[in-house]
There are 2 protein chains.
Amino acid sequence: MAKAGKENRKDHIQEAAQRLFRENGYSATSMSDLANEVGIEAASLYSHIESKEEILRTICFEMADQFFDGLASVEDAGLPEDKKLELAIASHIEVIALNRSASAVFFHDSRHLGEPYHSDFKLMRRRYENYFKKIIERGIEQKIFRCVDSTFTVRTLFSAMNWTYAWHGSGKNDTPEIITKKITSLILEGLSKK
Amino acid sequence: MAKAGKENRKDHIQEAAQRLFRENGYSATSMSDLANEVGIEAASLYSHIESKEEILRTICFEMADQFFDGLASVEDAGLPEDKKLELAIASHIEVIALNRSASAVFFHDSRHLGEPYHSDFKLMRRRYENYFKKIIERGIEQKIFRCVDSTFTVRTLFSAMNWTYAWHGSGKNDTPEIITKKITSLILEGLSKK
DNA sequence: CCTACCGATCGGTAGG
DNA sequence: CCTACCGATCGGTAGG
């Protein structure tokens, strides 16, 4: 109720777009698919948005902001690197869990961003991944971590984290906290016994 | 030289399609893009192929065959489960390394397969992943592996393996053998020292 | 937010 | 393998 329903029409469009883009991909989703989902004519979408690409842009850069915001709390206390890594993983997983559709679009469709945006996007992502990489490298220097290839390790870590958007909620054993624990445990301790 | 250049025109089309689909995605690649890459008119493609989707189908199912073929050698000797897992990982990584573009398409665009094919595809993938899962579960029973969530672990393993198609050959430190060693080591032993 | 409509491009066919 | 062409749909604009 209340007098809502006004300026959140744009949000409604964004949200529907996230779902459709996730399911069929950005390129395979037409503006008329989107209009249909929202319940208006395709041409009417343009009263609220500027272009199809603007929708994608909004999704990608809002996700990027959320990922960066999550890191703010990691640096706070002077924690050891393995604890920092665990906090950073927890933040990343939580952002994904709170935005599953947008995450899927972020990971799969950012390549369809137009130009200057695509380059900006890649720079931000690289900066973000470097943050994790530095943690691993400092951990190695401090002999907390084994002497691994940090570039390889951080990529593997991200690929492990970034598919969790596909989790389809089989119940309660997939909260962000539990996922974080499983990933952290596997990456830090490995599969082998002892 | 030689009298080649005849029935491998279809292969030429398939190969060009793999590159284009990988770079821009299946949906964002048009038949005229493909024709342009091959050097003929768009309409002429249909002398060699049946439809755009047939190209995708061929890519996806040929990859699936290669992945399954790779498993044949794993069962051979009565190896312990951790060695089997390593062999299976090595096979998977090698198939990807030998078919980077096709792998990218396999992982990203199989969802655009039409219907009965998409269901068949998902069944095969599930069977394949189950093979790895069983290894992990037997390893746990035999106390070779820690008592982990096997579903979660196998998914994490696949996400770690399946991004390696994106490797862009920075030199010689990314042969299939070295990648396999790094992944196996990280998954089995973990990042923590001691 | 709609009707009416745009030029461009889509995957694909006919016929040679 | 090409020319000629198909109906459908694409993202988007004009004007109200």
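What you are looking at is a predicted structure, and each value in this text was computed from that prediction instead of being measured. Chain naming here is simple, since letters A, B, ... match the order of the sequence lines and numbering starts at 1 in each.
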On the ring face of Tyr128(A), is Lys133(A) found with NZ or CZ under 6.0 Å from the centre and within 45° of the axis?
no
Sidechain N-carboxylate O distance under 4.0 Å for Lys181(A), Glu177(A)
no
Under 4.0 angstrom, heavy atoms only, what part of the nucleic acid is Ser27(A) near: base, sugar-phosphate, or nothing?
nothing
Report yes if some heavy atom in the side chain of Leu34(B) is under 4.5 Å from a heavy atom in the side chain of Ile55(B); otherwise report no.
yes
Extract all donor-acceptor atom pairs below 3.5 Å that involve side chains of residues 135-147 of chain A and protein atoms in other chains or at least two apart in sequence.
from      : atom 1 : to        : atom 2 : distance (Å)
Glu137(A) : OE2    : Ser150(A) : OG     : 2.8
Arg138(A) : NE     : Glu81(A)  : OE1    : 3.3
Arg138(A) : NE     : Glu81(A)  : OE2    : 3.3
Arg138(A) : NH2    : Glu81(A)  : OE1    : 3.4
Arg146(A) : NH1    : Gly190(B) : O      : 2.4
Arg146(A) : NH2    : Ser185(B) : OG     : 2.9

Contact class for Ser30(B) (heavy atom, under 4.0 Å): base, sugar-phosphate, or nothing?
sugar-phosphate
Is there a donor-acceptor contact under 3.5 Å linking the side chains of Tyr117(A) and Glu54(A)?
no
I'd like the 5' and 3' limits of the part of DNA chain D contacted by chain B, with heavy-atom contacts below 4.0 Å.
dC1(D) to dA4(D)
Indicate, with a heavy-atom threshold strictly under 4.0 Å, whether Ala43(A) touches base, sugar-phosphate, or nothing.
base
Proximity of Phe106(B) and Tyr165(B) rings by center, below 6.0 Å:
no
Looking only at side-chain N and O atoms, does His92(B) offer a donor or acceptor that is under 3.5 Å from a partner on Asn162(B)?
yes
For the residue pair Tyr46(A) / Glu41(A), report whether a side-chain donor-acceptor contact shorter than 3.5 Å exists.
no
Counting Watson-Crick and G-U wobble pairs with both distances under 3.5 Å, what is the dot-bracket string for DNA chain C, 5' to 3', using [ ] for crossing pairs and | for pairs to another strand?
||||||||||||||||
Return the 5'-most residue of the pair Ser47(B), Glu50(B) with respect to DNA chain C, ranking by each residue's nearest nucleotide.
Glu50(B)
